[in-house]
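Below you'll find the structure, written out as structure tokens, and then a few comments.
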Amino acid sequence: MTTRIREFIKQVRDCKTAAEERAVIAKESAALRTLFKQSDGKSKAASIAKLVYLHMLGYPTHFGQMECLKLIAQNNSNSYAEKRIGYLGLMSLLDESQEILMLLTNSLSVDLNSKNDFVVRTALGALANLCSTEMARDLSMDVRKLMLSRSHPIQEKAVVCAVRLIQKCPELAVEFKDEALALLDLKNNCIVSLHGTMLLGVEICKHEPEAVSWYADKLDVMVRILRKCIMQPVVRTCFIQQKILHLMRVIGKGNTDLTDRMSDVLAEVASKTDPSRTAGSSVLYECVRTIIETGSVGGLRVLAVNILGKFLGSRDSNLRFAALQTLKRVVNLDANAVLRHKSVIMLCIKDTDISIRTKALELAFELVSEKNVEVFMSDFLGFLDDDDSHFKTELVGKICLVVETFAPTPIWYIDIMTEVLLRAGKYVNESAFRSFAALISTAADDQGYAVKKLFSIISYEPEKSNEVLLILSLWCIGEFALELTEGEDAVTSSEIVSVFDRVMRSGGSTKVVIEYALTALVKLSDRYPETAPRIKELILGYNASSHLEIQQRSCEFRRLFNHQKILPQVLEAMPPILSGVAEGEGAEGAPAAAGEGADLGSAPAAAMADPMGDLLSMDAGGAPEAAAASGGDLLGDLLGGGPEPAAAVPAPAAQPQADPLMDLLGGGGGLLATPATPGQAGDMLADMLAPAAPAAPALPTITPHNKDGLVVEFSFEKDAAQPASTLIRARYTNVGGGQIANLVVQCAVPKYIQLKMEQASGSALAPGTGAEIRQMIAVTNTLQGQKPLMMRLKIEFALDGAPRSEMVEVRDFPAGL
Amino acid sequence: MIRCFLVINNFGKPRLMKFYERLSNEERQRVIESAYGLVSKRLEDLCNFVEDDSLFGGETQLIYRHFATLYFIVICDKAESELGILDLIQVYVETLDKSFENVCELDIIFNQQKAGLILDQMVTGGLVLETNSQEIVSKYKELERNMKQQERELKSPVASSPRTF
């Protein structure tokens with residue numbers, strides 16, 4: 001037996017713990033389900049009310065949908081109360097069930113033609129709330145009839161309902177033409193249905209370009225209504241006034257004749273509306289928008305902008321917000337008018353309210369142009385000391401964008417960006433960072449200025465610098481060091497090295513900074529041979545670094561010093577980065593950066609990993625180019641010269657970049673095929689080699705599974721000493737668009753086969769990265785020759801968080817295993 | 001267009017919700033949660049508008065008002081006038097006050113249907129229908145009368161015409 005609704009709500013509210021609440025609700029849901037199964041119609045209305053309450057609390061209620069429909073479908077004379085609760089329930093409970101929607105369409109069409117006005121009203125309300133495209137098509141005729149109904153409540157609901165139908169199904173817009181225009185001419189229109197009529201007008205004009213002229217013919221009617229509204233208290237008429245103004249805006253755009261005819265009434269609204277209440281101000285804003293967007297000129301426009309100015313200075317934060325919002329809408333139409341309020345807008349950026357601050361900031365940046373950028377920038381830099389990190393990220397992002405777009409001179413660009421990097425380095429995003437680096441590399445005349453400026457910061461004011469600034473400075477010094485030792489304020493090469501020494505020793509320098517410093521140092525050693533011994537010493541100091549990437553780099557550079565012949569080419573300065581090229585390099589660098597992130601393990605800030613991978617890959621990209629220039633014999637040199645294969649690939653492999661490495665190995669394949677035995681799995685080089693030459697595939701590779709983006713491939717190896725055993729190298733890759741996580745593959749084999757599986761190399765595969773997971777499976781077929789190899793795989797993983805499980809029978813192993 | 005109208009208490013419990021867009025129950029709960037997260041940490045003297053692009057796939061604004069223990073929240077698209085919506089919330093609360101006599105959270109908890117029906121007189125299908133609180137009250141009373149009359153008719157065996165006017 002179910003309880004009464006009031007008691008039920010009380011019970012739920014009395015629950016002390018979530019578990020208790022769940023228990024009460026589970027009990028009640030069960031009771032409701034049983035009740036719905038019984039066929040007597042009593043007390044079901046109350047049950048639906050309970051379901052609505054349950055739904056609001058977030059519990060499943062789908063089982064109630066049918067019951068709502070049953071209530072709606074009753075058609076005896078006393079059914080209004082039940083219909084009402086049925087519709088109410090359905091409005092909350094309905095989900096995407098097609099069957100229910102179809103049944104509902106039938107019930108609605110019956111109810112729209114009901115003789116009971118209340119039923120018609122409820123049905124119209126429900127249709128407006130639940131409308132789908134199909135329903136809009138099926139029921140548009142019924143709604144059109146009701147739009148001109150004599151009963152006001154029905155009429156107003158029908159008009160609003162029509163707006164909804166058009167929203168859901170725009171091609172219906174034309175059909176409503178006659179009714180929509182007839183509504184405007186009705187003598188005894190009530191305010192509410194007029195509001196709907198205007199809404200309808202706006203909606204029709206949106207979808208039907210011709211409709212603008214239909215409504216233009218009715219302008220006089222609209223003006224008359226608007227005049228009538230001004231006479232009444234604004235609280236009653238604010239919505240209709242807003243909508244008339246909106247519709248006027250739609251039809252008046254670009255039509256000077258109409259605009260002139262409107263201007264009188266607009267001026268009247270603007271001057272007579274009392275802005276002291278919210279309703280009044282909302283009308284004023286709409287009026288201002290209409291004035292500005294229809295392109296009115298002269299006094300009216302000045303009036304409009306002045307109204308906004310007044311609100312900007314208002315104490316009420318809501319008004320200020322709305323003023324900013326409106327200004328932002330009109331800024332494209334008349335930037336000069338908005339510019340007059342610049343000082344107030346700047347004050348708003350310092351407001352305590354983040355909504356207002358963000359709006360004002362957006363507006364201020366819309367106002368920036370080539371002419372005023374320098375004035376604005378000094379203001380913007382003043383906001384950099386804000387504490388809110390979200391706001392600061394936005395501010396810095398916008399500053400960088402503006403600087404990039406409007407910078408009058410490269411020197412100015414360099415000054416501002418250095419200032420931003422100094423004061424808010426960690427908020428500078430990757431692309432701004434990259435464009436700054438690109439600018440320095442292309443602006444040949446101002447390179448010296450930039451490098452000197454950066455150098456002076458890190459050498460004289462090291463306490464002010466931060467990671468991002470350091471990275472940029474080190475990179476620039478590495479690339480353009482020659483500029484530093486020339487011209488005024490020249491420094492000596494040993495001073496530069498001393499600064500590097502200090503930066504690297506400083507406790508605050510992160511691993512990424514040290515990596516950059518190492519690369520820059522190597523380049524310096526080439527520019528200033530006299531410093532080479534000291535640099536070598538510095539680099540050697542990191543040979544035993546506990547950090548893999550740093551150690552690897554320092555060891556590689558050490559080897560590089562032994563190849564004096566190729567040093568100059570490898571360490572040549574980067575060619576100027578063109579923005580477009582930088583993008584391309586960025587894409588190429590992405591996998592490298594990802595691989596590096598995994599290597600580092602220490603996870604530097606994500607934003608940092610990227611520009612770094614990028615800059616480094618540019619390094620690496622530059623090196624092979626140099627290599628290509630000096631011809632193929634260098635290649636032979638590289639591969640033949642080194643005693644150990646791992647070290648034989650020096651500078652270009654500073655970054656594990658797949659492509660150039662493959663090229664190198666492809667060229668000297670014969671030489672390297674032997675050392676790349678499967679035994680050295682851990683070795684980076686062998687890793688790179690494995691996909692290129694999958695262990696001399698005498699046996700074909702098979703693909704037992706390729707579904708949901710997950711591809712499982714098996715390749716095979718045989719040991720000549722043990723013919724019965726086979727080593728299966730399983731390789732899992734993600735070719736789909738989804739994120740694969742928690743991948744577990746299990747094998748089952750018949751009794752005559754012995755199986756040994758090793759741990760997989762990972763369990764997650766991001767889409768589009770080309771990442772792969774490997775796993776070794778060793779099988780021994782004890783009945784080799786009599787029975788074939790077979791196994792069953794159970795593959796479990798989560799695709800974008802949704803668990804998947806697959807069973808695969810693998811029978812298509814190559815013969816003879 | 002208004003996407004949804006929510007009444008949430010100070011602790012994030014929903015007290016009334018009307019969605020004018022079809023969403024699954026989970027999505028609705030998520031909207032409620034994030035809306036509460038946005039408004040609950042704002043101080044009293046700040047403005048009543050918040051923009052958040054994570055709700056309903058962007059291009060929406062959240063307009064709210066805080067009365068005693070309840071947040072009245074409207075999420076709508078940018079075509080709605082924010083001050084107008086603010087006024088709408090005011091009208092709704094005034095209307096509730098008129099029909100419950102000093103409305104409080106408990107009234108809404110135990111009379112959700114009534115609160116919902118009143119809202120239905122003001123907003124239909126996400127569009128504002130009526131903003132005069134007297135009109136709204138009288139329309140609601142008319143509905144109530146009709147219901148009561150029907151109940152009486154159910155009890156009495158003599159059936160009269162269902163048309164009341």
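Lettering follows sequence order; numbering is per chain, from 1.
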Discussion item. Below 4.5 Å, heavy-atom pairs only: which of A:Thr122, A:Leu93, A:Leu199, A:Val119 has the largest tally toward chain B?
Written reply: A:Leu199
Worksheet entry | Identified side chain to side chain contact (heavy atoms under 4.5 Å, CB included) partner of A:Ser281 from the options B:Leu83, B:Asp87, B:Leu86 | B:Leu83
Worksheet item: Run the side chain to side chain contact (heavy atoms under 4.5 Å, CB included) check on A:Met56 and B:Arg28 step by step: do they pass?
Response: CA-CA 9 Å; A:Met56 195 172 65; B:Arg28 291 179 179 198; over 6 Å; no
Worksheet item: Which one, A:Glu286, A:Arg320, A:His55, A:Arg6, leads in non-hydrogen pairs under 4.5 Å with chain B?
Response: A:His55
Item to complete: Look at atom NZ of B:Lys98 and say whether more than 12 heavy atoms of other residues, nucleotides or ligands are closer to it than 6.0 Å.
Response: yes
Fill in: Separation of A:Tyr53 OH from B:Leu16 CG (nearest 0.5 Å)
12.5 Å
Item to complete: Could you tell me whether the side chain of A:Asp353 and the main chain of B:Leu46 form a donor-acceptor pair under 3.5 Å?
Response: no
Worksheet entry | Per-residue contact mode, A:Lys10 against chain B (heavy atom under 4.5 angstrom) | both
Worksheet item: Quick check: are there more than 12 heavy atoms from other residues, nucleotides or ligands sitting under 6.0 Å from NZ of B:Lys78?
Response: yes
Item to complete: Working to the nearest 0.5 Å, report the span between NZ of A:Lys359 and SG of B:Cys47.
Response: 9.5 Å
Worksheet item: If we only count heavy atoms from C-beta on, is the B:Leu129 to A:His195 side-chain gap below 4.5 Å?
Response: no
Discussion item. Looking at A:Asp14, I'd like to know if its CG atom is crowded, meaning that more than 12 non-hydrogen atoms belonging to other residues, nucleotides or ligands lie closer than 6.0 Å.
Written reply: yes
Discussion item. Please check this pair: side chain of A:Asn318 against backbone of B:Asn48, looking for a donor-acceptor N/O pair closer than 3.5 Å.
Written reply: yes
Worksheet entry | Residues A:Ser355, B:Arg42; criterion side-chain hydrogen bond (donor to acceptor under 3.5 Å, both in side chains); working and verdict | CA-CA 10 Å; A:Ser355 291; B:Arg42 287 177 65 85; 3.1 Å; yes
Discussion item. I'd like to know which of B:Val50, B:Asn132, B:Asp120, B:Val123 tops the heavy-atom pair count under 4.5 Å against chain A.
Written reply: B:Asn132
Worksheet item: Do A:Asn129 side-chain atoms and B:Thr124 backbone N/O form a donor-acceptor pair below 3.5 Å?
Response: no
Worksheet item: Ion pair present between A:Lys157 and B:Glu130, side-chain N to carboxylate O less than 4.0 angstrom?
Response: no
Discussion item. Report which part of A:Ser132 has an atom under 4.5 Å of a heavy atom belonging to chain B: side chain, backbone, both, or neither.
Written reply: both
Response to the item:
Closest non-hydrogen atoms of A:Ser282 and B:Ser81, given as atom of the first, atom of the second and distance, are CB-OG, 3.8 Å
Worksheet item: Is any side-chain heavy atom of A:Ile85 less than 4.5 Å from a side-chain heavy atom of B:Gln113?
Response: yes
Fill in: Validation row: B:Leu106, A:Arg13 side chains within 4.5 angstrom (heavy atoms)
yes
Item to complete: Could you grab the distance from atom CD of A:Glu203 to atom CE of B:Met1, nearest 0.5 Å is fine?
Response: 10.0 Å
Practice prompt. Test side chain to side chain contact (heavy atoms under 4.5 Å, CB included) on A:Met91 and B:Phe19 and set out the steps.
Written response: CA-CA 8 Å; A:Met91 276 187 245; B:Phe19 280 82; over 6 Å; no
Worksheet item: Between atom CD of A:Gln167 and atom CG of B:Leu127, what is the distance when rounded to the nearest 0.5 Å?
Response: 5.5 Å
Worksheet item: Can A:Arg164 and B:Glu21 be counted as an ion pair, charged N to O under 4.0 angstrom?
Response: no
Discussion item. Please classify the contact of B:Leu143 with chain A as side chain, backbone, both or neither, using a heavy-atom distance under 4.5 Å.
Written reply: both
Discussion item. Heavy-atom pairs under 4.5 Å with chain A: which of B:Arg15, B:Gln90, B:Glu26, B:Lys13 has the most?
Written reply: B:Arg15
Worksheet item: What are the two closest heavy atoms between A:Tyr59 and B:Asn25, and how far apart are they?
Response: O-ND2, 3.1 Å
Discussion item. So, taking the atom named CD in B:Glu80 and the one named CD in A:Gln242, what distance separates them when rounded to the nearest 0.5 Å?
Written reply: 8.0 Å
Item to complete: Answer with side chain, backbone, both or neither: which region of B:Gln61 has an atom nearer than 4.5 Å to a non-hydrogen atom of chain A?
Response: side chain
Worksheet item: Taking atom CD of B:Gln134 as the centre, does the number of heavy atoms from other residues, nucleotides or ligands within less than 6.0 Å exceed 12?
Response: no
Worksheet item: Does the side chain to side chain contact (heavy atoms under 4.5 Å, CB included) test come out yes or no for A:Leu101 and B:Arg22, once each step is laid out?
Response: CA-CA 12 Å; A:Leu101 274 183; B:Arg22 223 175 287 150; 3.4 Å; yes
Worksheet item: Should B:Phe49 and A:Gln325 count as side-chain neighbours, where that means a heavy-atom distance under 4.5 Å?
Response: no
Discussion item. With a 4.5 angstrom heavy-atom cut-off, is it the side chain or the backbone of A:Cys131 that approaches chain B, or both, or neither?
Written reply: backbone
Fill in: A:Val52 side chain reached by B:Gln112 side chain, heavy atoms, under 4.5 Å
yes
